[in-house]
2 protein chains.
Amino acid sequence: MKTDTLPTRDRLIRAAADLFRRRGYHGVGMAELLEAAQAPKGSLYHHFPNGKSDLALAAASWASDGMTAVIDASFAEATDFPDGVRTLCHKVAKFFDLSGQAEGCPITATLLDGPENAEFRQHAAGLMANWVDTTTAHGVRLGLSEAEARSASEHMLLLLQGGWTVARSQANSDVLRSLPDRLTLPH
Amino acid sequence: MKTDTLPTRDRLIRAAADLFRRRGYHGVGMAELLEAAQAPKGSLYHHFPNGKSDLALAAASWASDGMTAVIDASFAEATDFPDGVRTLCHKVAKFFDLSGQAEGCPITATLLDGPENAEFRQHAAGLMANWVDTTTAHGVRLGLSEAEARSASEHMLLLLQGGWTVARSQANSDVLRSLPDRLTLPH
DNA sequence: ACAGTTTTAGACCGATTGGTCTAGCCCTGC
DNA sequence: GCAGGGCTAGACCAATCGGTCTAAAACTGT
């Protein structure tokens, strides 16, 4: 799926993030994953001794960082909080379209579909908390009170979570673009 | 998982709905499923000639009907729309707790995690549209305009979708109970 | 040039996957 | 009481699952 000039470890993470996001943890087999990453089995178990589960944790973290970067980029150019929300939702919608209307939330698809495992669950919760914290910080920077900013951030990310799901079922990104209008935005 | 006085077909559907909802389509194997339903393999392929996928479609429809019934029950006793939303979210939260904080949205866990299949996707979209229609009807009955009711219903179900996901990652139903406060409710 | 480490390569493994198929049980209507 | 369908029972299957392991290639510092 990507430039094969990248080190094997990174190719594995990227391929895993992409595939898990589309089909979920259990929906992706090692053969398919290694084929996509253009890597042999030995490399995977060298870089990720615990195999699939290690890789899933790493892939979720990597994808989550990507999302955090998109949040930062959206709010960096924003004049106020609602403006940032608008930009973010449209960016997410665009990525969704580029993926062929297949990708859901990178965290939940990878980790919550996985083994009924406390570690996975907590990792997912931690990453999602990061998103809230990041967004809240932007809200505060743009003049909101801490409480206002946190509440609005939580509300937006809940909608985004739902939006990803609904968009996937409809194979249509319109829901995602409609999200900003549904929020009563503090500014 | 349930009274074994039920006909085999129903036991299969119930077991499938429960398991898929917890671990997703690919996360559940036939052996486990048959064990839970206390049914032999032959019965499954008699009642559902296409096997797992047929069963998943039936299970999702059954679970979706259950949810529709909960929606109806919540709004039936409601004096206005916001009241119905409140009741519904609390009921969902209670079910979530009873399931051991494990169950997500019955539709998406069963169908969107499944094979990258147009039939599954469309079935999921159809069932979710039913929820919106049902809720919208209650809104209109309680005095809202069609447009108001539909918009509010969509917003609530998006939050519910997100709430299910977040609640699962946190193993805590508080998010679900907080949803009514996040909606700016028409009444 | 050589030794030592890191990374690649893929044959191989037992377990489990979803699915097929043949027998026969069981319940119905006669 | 017996004939015929609906349903159950589970042995059986090829394919795939995630994972282990040995051997050598590739890169490192000296």
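Chain A is the first sequence line, chain B the second, and so forth, proteins listed ahead of strands; every chain is numbered from 1.
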Expressed as a whole number of angstroms, how long is the span from [X]:[atom1] to [N]:[atom2]?
X: B:Tyr45; N: C:dT20; atom1: OH; atom2: P; value: 6 Å
X: A:Leu44; N: C:dT8; atom1: CG; atom2: P; value: 10 Å
X: A:His26; N: C:dT16; atom1: NE2; atom2: P; value: 15 Å
X: B:Met30; N: C:dT20; atom1: CE; atom2: C1'; value: 12 Å
X: A:Leu33; N: D:dT16; atom1: CG; atom2: C1'; value: 15 Å

### Query
Tell me the salt bridge (charged side-chain N to carboxylate O under 4.0 Å, His left out) pairs involving residues 38-51 of chain A, sequence neighbours left out?
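Not a single pair qualifies under salt bridge (charged side-chain N to carboxylate O under 4.0 Å, His left out).
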### Query
Does anything in residues 47-68 of chain B pair up under salt bridge (charged side-chain N to carboxylate O under 4.0 Å, His left out), and if so which pairs, sequence neighbours excluded?
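For residues 47-68 of chain B, and leaving out neighbouring residues, there are no salt bridge (charged side-chain N to carboxylate O under 4.0 Å, His left out) pairs at all.
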Listing, residues 79-96 of chain B side-chain donor-acceptor contacts under 3.5 Å, not counting sequence neighbours, or none:
| residue | atom | partner | partner atom | Å |
| --- | --- | --- | --- | --- |
| B:Asp80 | OD1 | B:Asp83 | N | 3.1 |
| B:Asp83 | OD2 | B:Thr79 | N | 3.3 |
| B:Thr87 | OG1 | B:Asp83 | O | 3.0 |

### Query
Who passes ring pair (Phe, Tyr, Trp, His ring centres under 6.0 Å) against A:His138, sequence neighbours left out?
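For A:His138, the residues satisfying ring pair (Phe, Tyr, Trp, His ring centres under 6.0 Å) (neighbours in sequence not counted) are A:Phe75.
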Partners of [X] by salt bridge (charged side-chain N to carboxylate O under 4.0 Å, His left out), sequence neighbours excluded?
X: B:Arg182; result: A:Glu154
X: A:Arg21; result: A:Glu103
X: A:Asp97; result: A:Arg177

### Message
Salt bridge or not between A:Arg22 and A:Asp18? Use side-chain N to carboxylate O under 4.0 Å.
### Response
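A salt bridge is present here (some side-chain N lies under 4.0 Å from a carboxylate O).
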#### Entry: Nucleic acid contacts - residues 46-56 of chain B versus DNA chain D, non-hydrogen atoms under 4.0 Å
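Residues of residues 46-56 of chain B under 4.0 Å from DNA chain D: B:His46, B:His47.
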Dump the pairs, protein N or O against N or O of nucleotides 10-13 of chain D, anything under 3.5 Å, distances to one decimal.
| residue | atom | partner | partner atom | Å |
| --- | --- | --- | --- | --- |
| D:dG10 | O6 | B:Gly42 | N | 3.2 |

